[in-house]
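A short worksheet on the structure shown next.
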Protein chains: 2
Amino acid sequence: MNKEEQVIASFRELFNKLAWLNKFKMEESLKGYKPSEVHCIEYIGKLEEPNVTRLAEALYMTTGAISKIMKKLLEKGIIESYQKPDNKKEIYFRLTEQGNAIFKIHEDLHNEFQERDQAVFAQITDRQFEAMLGFIENYSRHLDAEIKKQGLGMKPEQATEQK
Amino acid sequence: MNKEEQVIASFRELFNKLAWLNKFKMEESLKGYKPSEVHCIEYIGKLEEPNVTRLAEALYMTTGAISKIMKKLLEKGIIESYQKPDNKKEIYFRLTEQGNAIFKIHEDLHNEFQERDQAVFAQITDRQFEAMLGFIENYSRHLDAEIKKQGLGMKPEQATEQK
DNA sequence: CTTATTTTGTTTCCTAGGAAGGAAAAATAG
DNA sequence: CTATTTTTCCTTCCTAGGAAACAAAATAAG
């Protein structure tokens, strides 16, 4: 296995492990709510005036998919929709009290994960930190150039988050 | 954004970009074959005496899902199945000539990707390389300990590959 | 050997989400 | 202003894949 494969493969493995562990704890704390729902709740709480379109962009999903999830969250009373008086097309969402409670649980969990892994990050040196970011930066630029070379202007899909 | 978030977020972004670019080229070269099919073909070509169970493990999918894909690949004449004379339960798969052709295209593409990115990896220093692997190793061990602490014995899911 | 347990593979049922089409509102062109 | 184009949202249709139930074969236990 060469350097390239080694770095990529072991990082992928690490990510998978992290995602799996966090997902596990997440499901434990937020039983009854599906990952996609929690994810939407998170972004409704974070974004400014979120609507279907904004959420779809932020979550790298289609507007159709988001539309369906919003419908469910509305039915469950987790979110509510509102419109601006001068616009009859765009529909915005905000969290209800119940939604905020879920948002809070999610946020706390996120912080808990950070604390849990803090030891690992505290012990990396600035040199290591710079080395990693430098590599990422290089590779990313290289890929951007390749993408440009291919004439592909679109944005890549985002993997599911794993907080 | 702290170190932890920065490293994780930028790596994730890099991975997404890489996956997106490669997927794009892959679909271009292997039009008519679905990603999951190509993925299965890859592993049927690589594994020793693959059967539904082995493939499911290797691809982190359920046996049910693999079973369905095998059915399709058989119908398309991309693979063929065989059994051992002394075992009437286990069913193994091998690539047909057509299957091998697809395997070859996939493999070539994989090599092409390596060459394309070789410049980036050639220029990382041994120090950088060690720093990254060291970090990954540390973090991975930390997570293993956490998983053990939780008493979760199972393996994490694997993300889809992106060669 | 006979019986119980485990392994292997298949099928059925169900859900998430993408693609595509369509309707209504808004923005732009003329 | 009216006509066209674009944006926003929703719905219908379809597919991939997981869960679970099951059958057949193999293995283990007695």
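Just so we're clear, the structure is a prediction, and the values are computed from it rather than from any experiment. Proteins get letters first, then strands, A, B, ... in listed order; numbering begins at 1 in each.
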- Checking only heavy atoms, does the side chain of A/Lys68 share a donor-acceptor pair with the base of C/dG18 at less than 3.5 Å? yes

How many Å lie between [atom1] on [X] and [atom2] on [N], as a whole number?
| X | N | atom1 | atom2 | answer |
| --- | --- | --- | --- | --- |
| A/Ile66 | C/dA19 | CD1 | C1' | 15 Å |
| B/Met61 | C/dT10 | CE | C1' | 15 Å |
| B/Ile69 | D/dA16 | CD1 | P | 8 Å |

- Message: Can you identify which nucleotide, out of C/dA25, C/dG18, D/dC9, has its nearest atom closest to the A/Glu90 side chain?
- Response: D/dC9

- Can you tell which of D/dG17, C/dT10, C/dG18 lies closest to the side chain of B/Val52? C/dT10

- Query: To the nearest 0.5 Å, what is the distance between CD1 (A/Ile102) and NE2 (A/His106)?
  - Reply: 11.0 Å

- Task: Kindly compute the distance separating CE (A/Met26) from CD (A/Glu112), expressed to the nearest 0.5 Å.
- Result: 10.0 Å

- Message: Classify A/Ile91 by what it touches in the nucleic acid, base, sugar-phosphate, or nothing, heavy-atom distance under 4.0 Å.
- Response: sugar-phosphate

Phosphate oxygens OP1/OP2 of [N]: is one of them under 4.0 Å from a side-chain N or O of [X]?
| X | N | result |
| --- | --- | --- |
| B/Asn51 | C/dG9 | yes |
| A/Thr62 | C/dA19 | no |
| B/Asn87 | D/dA26 | yes |
| B/Thr53 | C/dT7 | no |
| A/Lys34 | C/dA16 | yes |

- So which one's nearest nucleotide on DNA chain C is more toward 5', A/Lys72 or A/Asp86? A/Lys72

- Task: Tell me which of B/Gly64 and B/Arg54 sits closer to the 5' end of DNA chain C, going by the nucleotide each one is nearest to.
- Result: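 Whichever sits nearer the 5' end wins; that is B/Arg54.
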
- Item | cation_pi(B/Lys25, B/Phe113) dist<6.0 Å, angle<=45 | no

- Message: Counting only heavy atoms not in B/Arg94 (residues, nucleotides, ligands), do more than 12 fall under 6.0 Å from its CZ?
- Response: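 Check passes, neighbour count above 12.
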
